[in-house]
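Computed from a predicted model, the values in this text were never measured in an experiment. When reading the values below, keep in mind they use all heavy atoms of this one structure, side chains included, and skip hydrogens, waters and symmetry mates. Reminder, nothing fancy here: chain letters follow the sequence lines and each chain counts from 1.
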Amino acid sequence: MEQKERPNFITNIIDEDIQNNVYTDNRVHTRFPPEPNGYLHIGHAKSSLLNYRLAQKYDGLFNLRFDDTNPIKEEVEFVEAIQKDLHWLGVEWGDRLFFASSYFSEMVAYAEELIQKGLAYVDELSGEEIRAYRGTLTKPGKNSPYRDRMPDENLKLFKEMVAGKHPEESMVLRAKIDMASPNMNMRDPVIYRILHVEHPNTHEEWFVYPMYDFAHPLEDALEGITHSICTLEFEDHRPFYDWVLDNLDDYQKERPQQIEFAKLNLTQTIMGKRYLKQLVDSGIADGWDDPRLPTISGLRRRGYTPESIQNFCEEIGVAKANSTVDLGMLEHFVRDDLKLKTPRYNAVLNPLKVTITNFPEDQEVEWLEVQTNQEVPEMGTHRVPFTKELYIEKEDFMEVPVKKYFRLFPGNEVRLRGAYFVTCNEVVKNDEGEVIELKCTYDPETKSGSGFTGRKVKGTIHWVSAENNVPIEVHLLNPLLEKDTEFDSENFLEKINPDSRVVTHGYGEPEIKNMQTLEKAQFIRNGYFSVDPKYSKEDQLVFNRVVELKSSWRPTKK
RNA sequence: AGGGGUAUCGCCAAGUCGGUAAGGCACUAGACUUUGACUCUAGUAUGCGUAGGUUCGAGUCCUGCUACCCCUGCCA
């Protein structure tokens with residue numbers, strides 16, 4: 001993977017650590033700790049790539065660790081999917097795959113150490129009471145009546161909790177810090193709760209499960225992580241992260257440091273895991289891999305490439321300021337990546353029939369040789385059938401042209417890309433007055449590649465033979481949120497762009513027939529398209545439009 | 001008795017010891033063009049949330065103010 005030198009506040013911190021010899025041998029060790037309760041989205045791509053590349057840049061280590069501390073929300077389906085997505089993205093962890101749940105024994109031991117040091121206690125207050133005792137943002141909390149239990153009794157009770165002798169919600173283990181702390185996270189946070197639930201990995205071994213705030217610093221420390229990178233909302237959890245390690249004998253020397261960065265937001269995009277889940281559950285999306293979703297699997301199915309996402313993540317940078325990146329930025333990087341990687345074919349999405357009136361009577365078809373990608377000669381050429389009856393794009397004809405219209409209109413001549421100049425002589429309409437056919441003549445002198453310079457033409461349009469083509473279904477995908485729609489977590493489902501998927505049927509040149517699932521091509525002047533793996537069938541290719549081509553054409557004044 | 005963060009072009013974002021505002025996206029103009037694409041060229045902050053101060057010199061230091069984000073799960 002290409003590595004561009006792009007400094008950010010995290011590399012600055014690491015550089016400083018190296019200068020000060022903070023870690024043995026100046027090692028750098030990062031990790032990506034997804035919770036297996038949903039699919040990864042492009043925000044996770046930013047995070048995982050950040051951690052992975054940091055390790056690469058400093059010749060360090062990178063761990064993939066599933067943060068499976070809450071058995072109620074997690075499923076194995078997700079740990080499979082997450083690994084698949086990460087592999088595809090180009091994030092490599094080798095054999096460094098870990099599960100937080102495999103540290104449960106150590107975590108319990110550390111909890112007992114805190115208890116023995118008088119720094120943790122078993123609280124029998126109810127959930128509601130705990131909340132009430134916690135106070136508010138502006139008022140201090142008050143101590144639980146169980147706060148001053150002796151270590152021995154706490155230890156005995158905790159061991160009973162671990163042994164499953166107490167019912168759920170009957171008691172919790174809490175850190176003993178300061179109920180008056182201005183930081184809510186330091187008001188005796190709960191570190192263990194009782195859950196008589198089967199865990200996907202540890203099965204029925206445990207009756208207690210650690211809370212994130214307690215588990216995370218331990219997971220990091222146990223794995224020897226140096227730089228534990230997370231998102232902004234954990235900033236005021238950091239004091240507790242440090243408190244845990246401060247008070248454990250094992251971590252008096254080297255320990256991980258938590259560093260927070262701003263997570264990715266994209267315009268017109270629904271990003272949160274729970275909102276994505278709502279889209280999936282409501283049926284608006286046809287799965288976690290719906291090509292309109294910003295999930296890694298959705299982007300993959302849509303036709304995005306790993307490189308385009310990597311480059312995008314590299315370019316947007318890493319900082320601490322909340323920000324929302326313009327969707328156009330992401331789109332730029334797919335176009336940029338697909339440009340030289342994909343063949344370019346003719347495909348007409350909204351067909352309008354054209355008859356070449358002077359097409360030779362004695363000829364059925366003329367096979368034209370065209371370059372598959374003019375910018376990449378190595379892609380070679382392929383043949384396209386030119387016949388008497390053709391299809392062009394409806395948009396490429398106007399009976400009454402607007403100003404600066406370079407396409408077809410009565411009396412005007414344009415080039416059919418890769419073929420000939422063609423002039424529109426007659427417009428055929430149906431009873432409703434709709435244009436249903438154009439009668440045109442072509443000039444055999446103007447054959448593509450013949451070097452004809454006799455006259456010039458302002459427009460070049462794409463076309464497909466009406467007699468020899470492959471029918472295609474095309475899904476034009478648009479953002480789920482229309483421009484300038486504020487995301488409203490309450491009722492965003494009602495505000496989903498009704499045109500987020502527009503289905504059309506058209507025709508492609510014969511070459512398209514051979515395209516395989518997830519294979520991509522540029523359809524000349526229409527954009528980049530990718531074969532949808534879910535809807536395509538043997539005899540019916542279905543394409544997702546990855547992204548449109550840019551266009552400076554603006555039909556302004558009539 | 002609240003605390004923790006962030007503010008540099010329309011959108012991201014560099015700016016490490018104060019030395020006279022990188023880059024990308026978008027946009028505009030032009031060149032090229034058998035994709036109104038691509039490519040190329042040029043342009044776009046006398047300005048760094050704001051008001052003062054220190055200094056020969058401040059985005060960078062000091063003081064005050066303002067705006068926005070996060071925090072009261074036995075979620076992560």
In whole angstrom, give the distance that lies between atom CZ of A/Phe406 and atom C1' of B/U33.
12 Å

Return yes if some donor-acceptor pair links the side-chain N/O of A/Arg187 with the main-chain N/O of A/Ser181 below 3.5 Å, else return no.
yes

Extract from the structure each pairing of a protein N or O with an N or O of nucleotides 13-19 of chain B at less than 3.5 Å, listing the distance.
| unit_1 | atom_1 | unit_2 | atom_2 | d |
| --- | --- | --- | --- | --- |
| B/A14 | OP1 | A/Val318 | O | 3.3 |

Regarding B/G73, purine or pyrimidine glycosidic angle vs 90° from 0 gives syn

Tell me which nucleotide, if any, is Watson-Crick or G-U wobble paired with B/G64 when both distances must be under 3.5 Å.
B/U50

A/Asp396 side chain vs A/Ile461 backbone, donor-acceptor pair below 3.5 Å:
no

Check: A/Phe158 ring centroid to A/Tyr192 ring centroid under 6.0 Å
yes

What is the distance, rounded to the nearest whole Å, between atom CG of A/Asn183 and atom P of B/G2?
16 Å

With a 6.0 Å cut-off on ring centres, are A/Tyr212 and A/Phe234 close enough?
yes

Nucleotide of B/U72, B/A76, B/G36 approaching A/Met184 most closely (side-chain heavy atoms)
B/U72

Starting at the 5' end of RNA chain B, which residue's closest nucleotide do you reach first, A/Thr138 or A/Tyr212?
A/Thr138

Distance flag, aromatic centroids of A/Phe386 and A/Tyr442, threshold under 6.0 Å:
yes

Once you apply the 3.5 Å cut-off to both distances, tell me the Watson-Crick or G-U wobble partner of B/G30, or none.
B/C40

Quick check on the 6.0 Å ring-centre criterion: do A/Tyr345 and A/Phe529 meet it?
no

What contact category does A/Leu125 fall into here, base, sugar-phosphate, or nothing, at under 4.0 angstrom with non-hydrogen atoms?
base

